[in-house]
There are 2 protein chains.
Amino acid sequence: MSRTSYHHGALAEALVDVAVGQVRAQGSERVTLRGVAQAVGVSPSAAYNHFADKDALLTAVALRGQTELDRRIATAAATGGDDDAAAIARLRAIATAYIGFAHDDPNLFRHAFGPHLKHGSSGPHASEAYATLNATLDDLDARGLLRPGLRPGLELVVWSTVHGFAGIALDGLCDWEAGDALLDGMQRSMLTDAALAVA
Amino acid sequence: MSRTSYHHGALAEALVDVAVGQVRAQGSERVTLRGVAQAVGVSPSAAYNHFADKDALLTAVALRGQTELDRRIATAAATGGDDDAAAIARLRAIATAYIGFAHDDPNLFRHAFGPHLKHGSSGPHASEAYATLNATLDDLDARGLLRPGLRPGLELVVWSTVHGFAGIALDGLCDWEAGDALLDGMQRSMLTDAALAVA
DNA sequence: CCCATATCTTGACAGCGTTCATATCGCTCT
DNA sequence: AGAGCGATATGAACGCTGTCAAGATATGGG
C-alpha cells in the first residue's frame, strides 16, 4: 500500500472512523454517505466495495458505540476494593458510567441503540457489560446487601432504569442533574437498611 | 367548503392523520413528505401552507403519539376500587399500559420520543400522565404500602424503568414477556412486605 | 513479467425536501 | 350581485441524496 495511492488501503475502517465522528458531531440523521466519502477523500461509490448499504455503514457505527459503552462500563466496574462499601460503589459507578456515556456522547448513544441494532450480530446478553452488571449484583447479593428476594431479574430492572433515564434526559424531558437522585432512589429501593448505612 | 374542491378544507389535519398512519406502518424514517401528500391526494408543496417543514409535520405526529400514550395511561389509571390491592393494581396497570403502547405501536412510540420532541411545546412534566403517576404513588405512600423513605423522586425511577424497558424490548434486546417479571421486580423493590402480601 | 482480481472513479438515475411563480377558491366589502 | 383580496393549491425547478453500471487503475500471485 503506497503513500498517496489510488487504492486507499483501509477504506472500510477509515469510513467507519469518519462516520463515527460525523454521527457524534451531527447526529446520525444528518450523516450522509457522500459526506463521509468526501471527508475520507474518496468517491461515494467507493464505499460500496466495503458496505452493502449506507445502513450497513451506520450499523458499524452503532457497533462502535456499543463497544465504547462496554469499555466505559468495564472501566467503571474495575474500581474499588473488596469491602461492602466498594461493592455498592461499584454498582453506582456502572450506572453512572452508563448515564455518563449518554450525557457525554448523546448522538452516538442514541445511535448505538435504535433501529440500526436490529441487524446487529451479537445478542444483547452477549455484551460484556451485561455480564459485568450481573456479576456486580451477584456480589451484592452474596454479601447480603440486597433486600431478600430481590436478586432474580434485578439486572433487567437496573438496566431498564438507567437506560430509561438516559433516554428521558436525552430527550430533554428531565435534567441530567436528576441522575444522582435517581440512583439514590434506585439504591434505596434495592439495598438493605444496613447496606444503606454503609453506603 | 365544497365536496370535491380545489381547496381541501382541512389539509393540516388530514396530513397529520395520514402521516400518523404511515409512521405507524413504516416507521418515521421511511415516511416521505411526498408520499403523505400523495396519499392525501394533494401536491407535495401544498403541505407548506400548513407546516413550515417536514420536521414540523413529524413533530405534530410525535405529539399525537404522546397524546395517545396519555390517553392509554389515563384509561389504565381509572380502573379499580378504593382498597390497597386496587391501589397497587393501579400502578401496575399504568406501567403495563406504558409498555403496552410501546408493544402495540412500536413505530409511533419510538417516534413520540426522540429528536422530534426537542421542538415540542408542552413541557415534559406538564403531561397528564406524569401527574397521574405521581398521584398514584402518593396514594400508595399515604396507604403505607411504599417502603419508608422511598417516595421522594420515585416517579422518575418508575418512569425510567418502564420507559427503559420499552426501549430495550423495542430494540429486540430482550423479550416483551420479560415485562411481567420486570414489573414484579419493581414492585418487590418498592412495596412493603405487607403490601406484597396483599398484591 | 503479466494477468486476474479487488478496488476506486466517472456518470447516470430516481427520489427526496424545498422554493417560486402561477392559478384557483371562497369570503368580504361595496 | 360583483369585484377584489387573502388563503390555498399547483407545477416546474433546484440541489441534494442513495445507489448502480461501466470503465479505469493498482496489487499480488503465477
Side-chain angles (χ1 to χ4, degrees), chain A residues 1-63 107 111 114-116 118-119, chain B residues 1-63 107 111 114-116 118-119:
Chain A
M1 67 184 101
S2 60
R3 196 82 58 98
T4 309
S5 160
Y6 186 81
H7 280 49
H8 185 283
L11 225 204
E13 207 175 337
L15 285 171
V16 177
D17 285 345
V18 170
V20 167
Q22 296 203 354
V23 166
R24 272 186 150 111
Q26 320 168 5
S28 62
E29 311 232 335
R30 299 188 190 279
V31 170
T32 233
L33 216 218
R34 294 175 111 105
V36 173
Q38 184 176 15
V40 174
V42 106
S43 164
S45 41
Y48 287 84
N49 283 307
H50 305 273
F51 299 95
D53 233 68
K54 181 196 181 186
D55 249 39
L57 174 58
L58 285 181
T59 298
V61 172
L63 233 133
N107 290 327
H111 180 74
H116 285 282
K118 72 165 181 262
H119 311 290
Chain B
M1 66 185 98
S2 60
R3 197 80 61 94
T4 309
S5 160
Y6 185 80
H7 281 49
H8 185 283
L11 224 203
E13 208 175 335
L15 285 171
V16 177
D17 285 344
V18 169
V20 166
Q22 296 202 355
V23 167
R24 272 185 148 113
Q26 321 169 1
S28 62
E29 313 233 332
R30 297 188 192 278
V31 170
T32 230
L33 217 217
R34 293 174 111 104
V36 172
Q38 187 176 13
V40 174
V42 107
S43 164
S45 42
Y48 287 85
N49 284 306
H50 304 273
F51 299 95
D53 235 47
K54 182 196 182 187
D55 249 39
L57 174 59
L58 285 181
T59 298
V61 172
L63 235 133
N107 290 327
H111 180 74
H116 284 284
K118 75 166 178 263
H119 310 291

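Chain letters run A, B, ... following the sequence lines, proteins first, then strands; residues in each count from 1.
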Exercise for the section: State, to 0.1 Å, how close B:H111 and B:S28 come at their nearest heavy-atom pair, and which atoms those are. Expected result: ND1-CB, 3.2 Å
Exercise for the section: For nucleotides 12-18 of chain C, just jot down a letter per nucleotide in 5' to 3' order: B, S or -, based on protein non-hydrogen atoms under 4.0 Å. Expected result: B---BBB
Handout entry: Side-chain heavy atoms of A:N107 within contact of A:R24, under 4.5 Å
Key = no
Problem - Length of the line joining B:L15:CG and D:dT8:P, which is rounded to integer Å - result: 12 Å
Problem - D:dA9 phosphate, OP1 or OP2, under 4.0 Å from B:H50 side-chain N/O - result: yes
Practice task
Rounded to the nearest angstrom, tell me the gap between atom CD in B:E29 and atom C1' in D:dT17.
Solution key: 15 Å
Problem - Taking every non-hydrogen atom, the tightest pair across B:L33 and B:A47 - result: CD2-CB, 3.9 Å
Practice task
Show the numbers, then the answer: is there a side chain to side chain contact (heavy atoms under 4.5 Å, CB included) between B:V23 and B:L58?
Solution key: CA-CA 9 Å; B:V23 167; B:L58 285 181; 4.2 Å; yes
Fill in the blank from the handout: From CD of B:Q38 across to P of D:dT10 the rounded distance in Å is 12 Å
Handout entry: hbond_proxy B:N49 side chain to D:dA7 base (donor-acceptor, 3.5 Å cutoff)
Key = no
Fill in the blank from the handout: Residue set satisfying side-chain hydrogen bond (donor to acceptor under 3.5 Å, both in side chains) with B:D53, at least two apart, ordered chain then number -> none
Handout entry: A:V16 side chain near A:F51 side chain, heavy-atom distance below 4.5 Å
Key = yes
